[in-house]
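Residue indices begin at 1 and follow the sequence shown.
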Amino acid sequence: MNKERKSVLNLWKELLKNQDSGIHFSTTNRYKKFKGIKEKVGLFINNPSEEIFTSFWGLLNEDIKKEDRQKINSALAYFVVPNDIIPEEIYGPMGYVDDIYLCTVVLKEIQEKYGIDLLKSLWECDEDFEEVLEVSYQRSLDILEEKGVVEDILKYSGLK
């Protein structure tokens, strides 16, 4: 791993420490208002999303079932959709939290079906994959549950 880059887990800590009031949604306008992330967070959000995305992408080269490929493709597509539930263009770095959450949901399903070794074989970081997966899943889930958008994300992506 590039020594100049911070570890994925430390970057989660930074994001949570530097998040003031987070993302605010209303039922009528999901793009209501975003307040309170300090500039450092921009560095954070690219790291875990990049590492998770790269490992995720590698799954398409593996021998997995069609329905699992469809889930992977749905999560990958969600990464690039410009107006997802929390768009990066509007919310800045916090806009990747929903993308990371969705990828970790699918990664956890893949782990259950095919085992952790498959996922570890695609992980190119020094950090422990299982810990990064669990922390990334739980921290993104906590943020999204607090904002009440988990179901919206799963529906929007076609995973629910």
Side-chain angles (χ1 to χ4, degrees), residues 7-9 11-16 19 22-27 29-34 37 41-62 64-116 118-125 127-160:
S7 76
V8 175
L9 299 176
L11 291 164
W12 269 114
K13 289 176 192 169
E14 256 188 64
L15 173 68
L16 297 176
Q19 178 185 355
I23 303 167
H24 302 277
F25 297 96
S26 73
T27 54
N29 183 3
R30 64 186 167 121
Y31 307 128
K32 188 76 173 168
K33 191 172 185 184
F34 171 66
I37 286 226
V41 180
L43 173 65
F44 151 75
I45 206 69
N46 292 326
N47 287 322
S49 61
E50 179 184 331
E51 304 304 348
I52 291 169
F53 183 84
T54 302
S55 296
F56 204 64
W57 185 263
L59 283 169
L60 293 175
N61 294 321
E62 300 298 322
I64 57 175
K65 294 181 179 180
K66 180 180 178 179
E67 64 266 14
D68 297 321
R69 286 183 184 285
Q70 290 170 331
K71 289 177 184 180
I72 292 164
N73 283 322
S74 290
L76 288 170
Y78 191 89
F79 247 103
V80 297
V81 170
N83 290 312
D84 58 17
I85 300 299
I86 309 175
E88 296 78 30
E89 199 170 287
I90 295 171
Y91 297 110
M94 277 300 287
Y96 287 103
V97 172
D98 56 335
D99 303 56
I100 292 169
Y101 168 72
L102 196 58
C103 285
T104 59
V105 165
V106 174
L107 285 170
K108 287 173 88 54
E109 288 181 21
I110 298 293
Q111 177 185 348
E112 276 186 37
K113 277 185 152 177
Y114 301 96
I116 192 68
L118 172 62
L119 298 176
K120 283 182 173 181
S121 72
L122 300 170
W123 186 243
E124 297 179 359
C125 292
E127 292 176 273
D128 179 62
F129 174 78
E130 290 177 87
E131 184 179 9
V132 170
L133 177 60
E134 190 54 39
V135 168
S136 296
Y137 170 77
Q138 197 56 57
R139 295 213 172 141
S140 60
L141 177 62
D142 291 346
I143 292 167
L144 299 172
E145 280 182 332
E146 180 183 321
K147 306 306 174 192
V149 295
V150 172
E151 289 298 313
D152 295 334
I153 292 164
L154 294 172
K155 286 178 185 174
Y156 189 91
S157 69
L159 294 178
K160 194 155 200 166

Smallest separation among heavy atoms of [X] and [Y], with atom names:
X: Leu119; Y: Leu107; result: CD1-O, 3.5 Å
X: Ile143; Y: Met94; result: CG2-CE, 3.9 Å
X: Gly148; Y: Asp152; result: O-OD2, 4.0 Å
X: Asp99; Y: Tyr78; result: OD2-O, 3.5 Å
X: Leu154; Y: Ser157; result: O-OG, 2.9 Å

Apply the test side chain to side chain contact (heavy atoms under 4.5 Å, CB included) to residues Ile116 and Phe129: give CA-CA distance (whole Å), side-chain angles for both, the deciding distance (0.1 Å), then the verdict. CA-CA 9 Å; Ile116 192 68; Phe129 174 78; 3.7 Å; yes
First locate atom [atom1] of [X], then atom [atom2] of [Y], and finally report the distance between them rounded to the nearest 0.5 Å.
X: Leu102; Y: Tyr96; atom1: CG; atom2: OH; answer: 15.0 Å
X: Ile90; Y: Asp84; atom1: CD1; atom2: CG; answer: 9.5 Å
X: Leu141; Y: Glu146; atom1: CG; atom2: CD; answer: 11.5 Å
X: Trp57; Y: Cys103; atom1: CH2; atom2: SG; answer: 11.5 Å
X: Ile86; Y: Leu144; atom1: CD1; atom2: CG; answer: 5.0 Å
X: Gln111; Y: Leu133; atom1: CD; atom2: CG; answer: 6.0 Å

Under a 3.5 Å cutoff, is there a donor and acceptor pairing between the side chains of Asp98 and Tyr156? no
Lys108, NZ: over 12 other non-hydrogen atoms inside 6.0 angstrom: yes
So with a 6.0 Å cut-off around NZ of Lys155, is the heavy-atom count from everything else above 12? no
With a 4.5 Å heavy-atom cut-off, do [X] and [Y] have their side chains touching?
X: Gln70; Y: Glu67; value: yes
X: Ile72; Y: Ile64; value: yes
X: Asp68; Y: Leu59; value: no

Name the residue from Glu130, Gln138, Glu131 that meets the side chain to side chain contact (heavy atoms under 4.5 Å, CB included) definition with Glu134. Gln138
Donor-acceptor check, side chain of Ser140 to backbone of Tyr137, threshold 3.5 angstrom: yes or no? yes
